**Q** 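Quick one: the structure is below, questions incoming.
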Amino acid sequence: MSLKQWRILHAVIDCGGYAEAAKSLHLSQSTISYTISKLQEQLGVPLLKIDGRKAILTSEGRALLDRSRHVLKEAIELETFAKNLGQGRGGEVRLVVDQNFPTPLLMQALREFTLSGEGAAEVKLREVPISQTEEVLHDLSVDLAISEHVPLGLLGEPLVEVAHIPVAHPDHPLFKLEREVTAADLAQHVQIGIAPSGDAARTAATNSAQARCWLLNSCDTVVAAVREGLGYAWLPQHRVGQWIEQGLLARLPVGDKAGYKTVLYLIHGRPWSATPAANRFAEVLRSLVAQATEQ
């Protein structure tokens with residue numbers, strides 16, 4: 001079997017039939033038909049059935065098609081990787097970062113990466129809410145991710161701890177209590193958080209309907225809402241430190257030990273085909289986090 005055979009099968013399905021696939025691939029219809037017939041013969045299972053003028057996948061064909069898409073994707077990436085190496089480059093770095101990761105540390109990592117001689121590599125950076133990092137990693141298009149959750153089938157190494165603290169506008173009614181704020185006090189006011197996605201979103205929507213909770217789509221939007229006095233929130237300390245120093249936000253008096261920490265992991269999305277550039281960026285991140293921890 002060859003990759004060309006699988007490409008032709010994909011074209012038949014994606015285009016909706018033999019004639020359409022032939023037109024798309026600039027091949028004769030007889031070539032398309034022969035290739036599919038030969039592939040089915042080699043595999044020993046029927047891949048397609050004809051329904052009118054349309055080619056429909058069999059159950060066996062569906063299972064093989066889904067798996068072959070991954071194989072083709074890796075083959076294309078391998079070709080691109082080889083071309084990049086031939087041009088003296090380490091390829092590109094596709095990076096997904098949880099919004100809770102300290103932005104100054106991320107910018108420093110990008111600067112160090114460029115100064116290390118990897119400036120020729122293309123960096124594609126995407127910052128996403130905590131609820132979306134695992135979802136993004138499943139599409140196999142990410143080299144590195146920094147996330148609180150490690151998807152099944154992937155390995156993550158602890159990278160950095162992020163402290164979260166309760167904050168509100170200095171004029172928020174909770175400060176007028178002039179005492180330590182309790183859970184019962186918090187329940188009387190709007191809490192602002194980041195909206196999850198998928199099934200978690202439906203659960204959160206139910207919970208937020210029962211509690212006084214607003215769910216927004218990004219950490220920056222949550223900070224903006226809290227600065228406007230619309231509610232209180234638990235936010236990464238590094239995200240709100242400047243606003244606290246400027247007197248635009250204040251830490252709620254919920255007890256000296258109140259607060260929590262989350263661990264963000266460094267995850268290789270495609271460890272079997274990591275580019276030199278991705279490996280180098282991972283080294284830079286580890287080094288900078290280690291330096292920051294020692295200070």
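Scope of the values below: all heavy atoms of this structure, side chains included, with no hydrogens, waters or symmetry mates. As the structure is a computational prediction, the values presented were derived from the model and not from experiment.
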**Q** Going by heavy atoms in the side chains, are I32 and T35 under 4.5 Å from each other?
**A**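 Heavy-atom side-chain distance check fails, nothing below 4.5 Å.
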**Q** Determine whether D143 and K124 satisfy the following criterion, salt bridge (Lys or Arg N to Asp or Glu O under 4.0 Å), listing intermediate values before the conclusion.
**A** CA-CA 10 Å; D143 293 301; K124 295 181 179 178; over 6 Å; no
**Q** Do S218 and T221 have a side chain donor and acceptor closer than 3.5 Å?
**A**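 Yes, a side-chain donor-acceptor pair sits under 3.5 Å.
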**Q** Checking Q5 side chain against S2 main chain: does a donor-acceptor pair fall under 3.5 Å?
**A**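 Yes: the side chain of Q5 pairs with the backbone of S2.
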**Q** So if you build clusters from Ile, Leu, Val, Met, Phe, Trp, Tyr with side-chain heavy-atom gaps below 4.5 Å, do I36 and I56 land together?
**A**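 The answer is no; the residues belong to distinct hydrophobic clusters.
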**Q** Going by the angle between their ring planes, with limits at 30° and 60°, are F113 and F281 parallel, tilted or perpendicular?
**A**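 F113 vs F281 ring planes: perpendicular.
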**Q** Do the side chains of L48 and Y18 get nearer than 4.5 Å, heavy atoms only?
**A**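 Touching, per the 4.5 Å side-chain cut-off.
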**Q** Please give me the minimum heavy-atom distance between A225 and I192, naming the atom from each residue.
**A**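 Shortest heavy-atom contact: CB-CD1, 3.7 Å.
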**Q** If every non-hydrogen atom of V222 is compared with every non-hydrogen atom of I194, which pair is closest and at what distance?
**A**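 Closest approach of V222 to I194: CG2-CG1, 3.8 Å.
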**Q** Rounded at 0.5 Å granularity, tell me how far CD in E180 sits from OG1 in T182.
**A**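 Output value for this atom pair is 8.5 Å.
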**Q** Spell out, yes or no, whether L155 and V97 are grouped together once hydrophobic residues are joined by side-chain heavy atoms under 4.5 Å, including indirect joins.
**A**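 Each belongs to a different hydrophobic cluster.
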**Q** Look at the side chain of S147 and the backbone N and O of D98, then say whether any donor-acceptor pair between them is shorter than 3.5 Å.
**A**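 Absent.
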**Q** Taking the side chain as everything from C-beta on, heavy atoms only, tell me whether V181 gets closer than 4.5 Å to L186.
**A**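 A side-chain contact under 4.5 Å exists here.
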**Q** Please determine whether side-chain contact (heavy atoms from CB on, under 4.5 Å) holds for the pair T262 and H164, giving the CA-CA distance in whole Å, both sets of side-chain angles, and the decisive distance to 0.1 Å.
**A** CA-CA 8 Å; T262 57; H164 296 253; 3.1 Å; yes
**Q** If every non-hydrogen atom of A282 is compared with every non-hydrogen atom of L144, which pair is closest and at what distance?
**A**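 Reported closest heavy-atom pair: N-CD1, 4.0 Å.
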**Q** For the side chain of E127 and the backbone of Q99, is there at least one donor-acceptor N/O pair under 3.5 Å apart?
**A**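 Between the backbone of Q99 and the side chain of E127 there is no qualifying donor-acceptor contact (under 3.5 Å).
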**Q** With distance as the sole test, does E283 use its side chain to make a donor-acceptor pair with the main-chain N or O of A278 at under 3.5 Å?
**A**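 It does not hold such a pair.
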**Q** Kindly indicate whether the side chain of V71, heavy atoms from C-beta on, has any atom under 4.5 Å from the side chain of W6.
**A**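 They are not in side-chain contact.
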**Q** Would you compute the distance between atom CD of E157 and atom CZ of R286 and round it to the nearest 0.5 angstrom?
**A**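 Those atoms lie 4.0 Å apart.
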**Q** Do D185 and R179 have side chains that get closer than 4.5 Å, going by heavy atoms?
**A**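 When only atoms from C-beta onward are counted, R179 and D185 do touch, with a gap below 4.5 Å.
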**Q** Which value, rounded to the nearest 0.5 Å, describes the distance between E148 atom CD and I267 atom CD1?
**A**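 If we round to the nearest 0.5 Å, E148:CD and I267:CD1 are 10.5 Å apart.
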**Q** Which value, rounded to the nearest 0.5 Å, describes the distance between E20 atom CD and I13 atom CD1?
**A**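 The CD atom of E20 sits 11.5 Å away from the CD1 atom of I13.
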**Q** Minimum heavy-atom separation for L95 to L106, with atom names?
**A**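 Of all heavy-atom pairs spanning L95 and L106, the closest is CD2-CD1, 4.2 Å.
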**Q** So Q291 and S287, do their side chains get closer than 4.5 Å, heavy atoms only?
**A**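 Counting from C-beta outward, S287 and Q291 do come under 4.5 Å.
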**Q** With a 6.0 Å cut-off (strictly less than), is the heavy-atom count around OH of Y34, excluding the residue itself, greater than 12?
**A**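 Atom OH in Y34 is not crowded, with 12 or fewer foreign heavy atoms closer than 6.0 Å.
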**Q** Any donor-acceptor pair under 3.5 Å linking the side chain of S68 with the backbone of L65?
**A**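 Present.
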**Q** Has the side chain of R227 got a donor or acceptor atom that lies under 3.5 Å from a matching backbone atom of H169?
**A**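 Judged by distance alone, no pair lies under 3.5 Å.
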**Q** Could you give me the CA-CA distance, side-chain angles and deciding distance for L39 and L47, then say whether side-chain contact (heavy atoms from CB on, under 4.5 Å) is met?
**A** CA-CA 9 Å; L39 181 60; L47 301 175; 3.7 Å; yes
**Q** Taking everything shown except Q242 itself, do over 12 heavy atoms lie less than 6.0 Å from its CD?
**A**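 Result for CD/Q242: enclosed.
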**Q** Side chains of Y232 and V226: closer than 4.5 Å at any heavy-atom pair?
**A**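 Sidechains of V226 and Y232: no contact.
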**Q** Starting at NZ of K38, measure out to CG of L43 and round the result to the nearest 0.5 Å.
**A**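 Answer rounded to 0.5 Å: 11.5 Å.
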**Q** Taking it one step at a time, do T31 and S28 satisfy side-chain hydrogen bond (donor to acceptor under 3.5 Å, both in side chains)?
**A** CA-CA 5 Å; T31 298; S28 66; 2.7 Å; yes
**Q** Check step by step if side-chain contact (heavy atoms from CB on, under 4.5 Å) holds for V96 and I146.
**A** CA-CA 6 Å; V96 170; I146 299 174; over 6 Å; no
**Q** Look at R239 together with D220 and state whether they make a salt bridge at an N to O cut-off of under 4.0 Å.
**A**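 Looking at R239 and D220, the cut-off is met.
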**Q** Mind running side-chain contact (heavy atoms from CB on, under 4.5 Å) on W234 and I165 for me, showing each step along the way?
**A** CA-CA 5 Å; W234 292 82; I165 60 173; 5.6 Å; no
**Q** Between H238 and N100, what is the shortest heavy-atom contact and its length?
**A**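 Heavy atoms of H238 and N100 come nearest at NE2-O, 2.6 Å.
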**Q** Are any non-hydrogen side-chain atoms of V263 and V162 less than 4.5 angstrom apart?
**A**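 A side-chain contact is absent here, since even the closest heavy-atom pair is not under 4.5 Å.
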**Q** Shortest non-hydrogen contact from L25 to A11?
**A**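 So the minimum-distance heavy-atom pair works out to CD1-CB, 3.6 Å.
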**Q** Can you tell me how far NE2 of H172 sits from CG of L252, rounded to the nearest 0.5 angstrom?
**A**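 Reported to 0.5 Å precision, the distance equals 7.5 Å.
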**Q** Does a sphere of radius 6.0 Å around NZ in K176 hold more than 12 heavy atoms from other residues, nucleotides or ligands, not counting ones at 6.0 Å or beyond?
**A**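 Yes - once you tally the heavy atoms of other residues, nucleotides and ligands closer than 6.0 Å, there are more than 12.
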